[in-house]
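Residue indices begin at 1 and follow the sequence shown. Just follow the structure's listing: the first ligand is 1, and inside any ligand the first atom is 1.
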Amino acid sequence: MTPEKFTLAILASGRGSNLQAIIDGIEKNSLQAEIGLVISDVKNAFALERAHNHGIECLFLDPKTFPDRKSYEQALVKHIQSKSINLICLAGFMRILGKHFIETFSNQIINIHPSLLPAFPGLNVQKRALEHGARFTGCTVHYVNEEVDSGPIILQAMVPILDDDDESSLSERILEQEHIIYPEAIRLIAEGKLTLSGRRVLHCK
Ligand code: GRF
């Protein structure tokens, strides 16, 4: 780890395609940052393998070995604080983070969500957007606050819902956009291009 670089911690529970997009952005030099640590709450998460394959320090932190959510989050905080982390990126991390974690890293946690928030927060959102009959959906990168999927919005990309879409085809097209806007949002933060004004995230030129 080179101390002067903008350093990320990535928390992921699954396949880690967003993690991969961030790794690719760094390796292609379109994102001037480094990943200091990848943590997963799922032992066999493919995200851990991706990190390992790229020589990135990674850790499986087993929730079952902690008595409650608070102590699990305290351990997460301890591991993150042991590195000089500038930004925590949730990338398919399937746990809701509590007050202690969020207050410790105030305005330093971001998430990617596969809908155009504030529409369709929560789970199964591609299916819900289809069933609702929405004509457009997309993805959102936002700061994380104590309410699920409701922090200030950094970037969004819109994806049309086509007549022959099913959950899988729609999810795939949304994911393509996620892989573009997540590294881009990190780049904006790393370059100091964003300021918060209440709920609004202003983008400096
Ligand atoms: C993505 O759809 C992301 O928007 C959501 O969880 C999924 C994670 O996918 N929060 P991956 O593990 O990054 O491939």
A.B. asks: How long is the span from the NZ atom in K83 to the CG atom in L8, to the nearest 0.5 Å?
C.D. replies: 13.5 Å
A.B. asks: Which residue supplies the protein heavy atom nearest to atom 6 (O) of ligand 1, what is that atom called, and how far is it?
C.D. replies: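 Residue, atom and distance for the closest contact: G92 CA, 3.5 Å.
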A.B. asks: Backbone or side chain, does any N or O of S17 fall under 3.5 Å from an N or O of ligand 1?
C.D. replies: yes
A.B. asks: Does the side chain of F105 reach to within under 4.5 Å of the side chain of Q81, using non-hydrogen atoms?
C.D. replies: yes
A.B. asks: For N18, is at least one N or O under 3.5 Å away from an N or O on ligand 1?
C.D. replies: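 Checking ligand 1 against N18, an N or O pair does fall under 3.5 Å apart.
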A.B. asks: Write out the residue and atom name of the closest protein heavy atom to atom 10 (N) of ligand 1, then the distance separating them to 0.1 Å.
C.D. replies: I112 O, 2.8 Å
A.B. asks: Starting from atom 2 (O) of ligand 1, locate the nearest protein heavy atom and write down its residue, its atom name and how far away it is, to 0.1 Å.
C.D. replies: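 Residue, atom and distance for the closest contact: E178 OE2, 3.1 Å.
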A.B. asks: Is there a side-chain contact between T195 and V201 in this structure, where contact means two heavy atoms from C-beta onward sitting under 4.5 Å apart?
C.D. replies: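 No. Closest side-chain heavy atoms not under 4.5 Å.
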A.B. asks: Is there a side-chain contact between L59 and S40, using heavy atoms and a 4.5 Å cut-off?
C.D. replies: no
A.B. asks: Can you confirm if the NZ or CZ of R95 lies within 45° of the ring axis of F101 and under 6.0 Å from the centre of its six-membered ring?
C.D. replies: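 No - R95 does not lie over the ring of F101 by the 6.0 Å and 45° rule.
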A.B. asks: Number the atoms of ligand 1 from 1 as they appear, then name those within less than 4.0 Å of a heavy atom of R15, with their elements.
C.D. replies: 9 (O), 11 (P), 12 (O), 14 (O)
A.B. asks: Do F6 and E191 come close enough that some side-chain heavy atom pair is under 4.5 Å?
C.D. replies: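 Contact flag for F6/E191 side chains = no.
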A.B. asks: At what distance is the nearest protein heavy atom to atom 12 (O) of ligand 1, and which residue and atom is it?
C.D. replies: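 Going by distance alone, atom 12 (O) of ligand 1 is nearest to G16 N, 2.8 Å.
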